[in-house]
Amino acid sequence: MLVRDAMSTVVLTIGPDHTLRQAAALMSARRVGAAVVLDPDAGGLGILTERDVLNSVGLGQSPDIERAHAHTTNNVVFAAPSWTLEEAARAMAHGGFRHLIVLDEAAPVGIVSVRDIIRCWAPARQHAPA
């Protein structure tokens, strides 16, 4: 199975000056665990995840003051829609993250998460002989 078969095509994009509270509210409303941060000053695309927000709040930082750009990962590993789910899972395990932005011709077309991969693999594994 390929990344294109598992990815979510709901791509939440935010700007670098969104507060963490704004970002969290948008992620919650769309029921996604990550937002693509479009920041031309930082080199283009970055990612802000629910873990980034949680880490900031856990450090006692104010989600009403902290801006997305201060918590965004900018050296992002991107996936292609044609990657296998094994390739995506390997990249996530190697990098220690749970989301990959999926690019098609340099444009974000989706996000694939560990949860997406598990959803695809679990039904196939349930019917496999023991």
Side-chain angles (χ1 to χ4, degrees):
M1 188 169 274
L2 302 178
V3 165
R4 76 171 46 91
D5 303 318
M7 72 183 190
S8 170
T9 57
V10 176
V11 180
L12 172 62
T13 58
I14 63 171
D17 289 325
H18 275 79
T19 66
L20 292 187
R21 182 174 308 280
Q22 291 169 324
L26 291 167
M27 287 190 284
S28 179
R30 299 236 172 89
R31 302 180 50 85
V32 297
V36 174
V37 181
L38 299 174
D39 188 354
D41 294 334
L45 297 176
I47 190 166
L48 179 76
T49 68
E50 57 203 351
R51 185 185 307 175
D52 298 323
V53 175
L54 181 67
N55 287 342
S56 175
V57 172
L59 289 171
Q61 297 173 335
S62 171
D64 293 313
I65 296 172
E66 291 297 309
R67 302 293 172 175
H69 67 83
H71 302 277
T72 297
T73 300
N74 291 315
N75 60 346
V76 179
V77 175
F78 297 102
S82 59
W83 278 18
T84 65
L85 293 185
E86 288 81 7
E87 289 172 302
R90 193 174 309 114
M92 289 179 193
H94 179 72
F97 43 80
R98 298 177 297 166
H99 299 86
L100 288 169
I101 299 172
V102 182
L103 294 183
D104 191 12
E105 297 184 22
V109 295
I111 292 185
V112 65
S113 69
V114 170
R115 181 178 296 155
D116 296 326
I117 293 171
I118 290 170
R119 273 193 212 124
C120 290
W121 283 350
R125 305 283 193 253
Q126 289 175 357
H127 301 297

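- Residue pairs that meet the side chain to side chain donor-acceptor pair (under 3.5 Å) test with at least one member in residues 102-115, sequence neighbours left out, are Ser113-Asp116.
- Here the CZ atom belonging to Phe78 is positioned 5.0 Å from the CG atom belonging to Leu45, to the nearest 0.5 angstrom.
- Applying the salt bridge (charged side-chain N to carboxylate O under 4.0 Å, His left out) rule to pairs touching residues 14-23 yields Arg21-Asp64, sequence neighbours excluded.
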Show the numbers, then the answer: is there a side chain to side chain contact (heavy atoms under 4.5 Å, CB included) between Cys120 and Asp5? CA-CA 9 Å; Cys120 290; Asp5 303 318; 5.7 Å; no

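- A 4.5 Å side-chain heavy-atom check between Val37 and His69 finds every atom pair outside the cut-off.
- Listed by chain and residue number, Arg98 satisfy the salt bridge (charged side-chain N to carboxylate O under 4.0 Å, His left out) test with Glu50 (two or more places apart in sequence, or in another chain).
- Grouping the Ile, Leu, Val, Met, Phe, Trp and Tyr side chains by contacts below 4.5 angstrom, directly or via other members, places Ile65 apart from Leu20.
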Side-chain donor/acceptor pairs under 3.5 Å, residues 23-32, sequence neighbours excluded:
none

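- With sequence neighbours excluded, the residues forming a side-chain contact (heavy atoms from CB on, under 4.5 Å) with Gln22 are His18, Thr19, listed by chain and number.
- Taking OG1 of Thr49 as the start and CG of Leu54 as the end, the distance is 9.0 Å to the nearest 0.5 Å.
- Ile101 approaches Pro108 most closely through the heavy-atom pair CG2-CB, 4.1 Å.
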Using distance only, find each side-chain donor-acceptor pair of residues 6-14 under 3.5 Å and give its atom names and separation, not counting sequence neighbours.
| residue | atom | partner | partner atom | Å |
| --- | --- | --- | --- | --- |
| Ser8 | OG | Val10 | N | 3.2 |

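- To the nearest 0.5 Å, the span separating CG on Asp39 from CZ on Arg67 amounts to 13.0 Å.
- When hydrophobic clusters are built by joining Ile, Leu, Val, Met, Phe, Trp and Tyr residues whose side-chain heavy atoms come closer than 4.5 Å, directly or via intermediates, Phe97 is not grouped with Val53.
- Leu103 and Leu2 fall into different hydrophobic clusters, where Ile, Leu, Val, Met, Phe, Trp and Tyr side chains are chained together by heavy-atom contacts under 4.5 Å.
- Between the Glu87 side chain and the Thr84 main chain, a donor and an acceptor come within less than 3.5 Å of each other.
- By the rule that hydrophobic residues join a cluster once side-chain heavy atoms approach within less than 4.5 Å of another member, Val76 and Leu48 end up as members of separate clusters.
- Scanning both residues, Arg51 and Gly96, for their nearest heavy atoms gives NH1-O, 3.6 Å.
- Between Asp52 and Thr72 the shortest side-chain heavy-atom distance does not fall below 4.5 Å.
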Before you tell me yes or no, could you show the steps for Val112 and Trp83 under side chain to side chain contact (heavy atoms under 4.5 Å, CB included), namely the whole-Å CA-CA distance, both residues' side-chain angles and the distance that decides it to 0.1 Å? CA-CA 11 Å; Val112 65; Trp83 278 18; over 6 Å; no

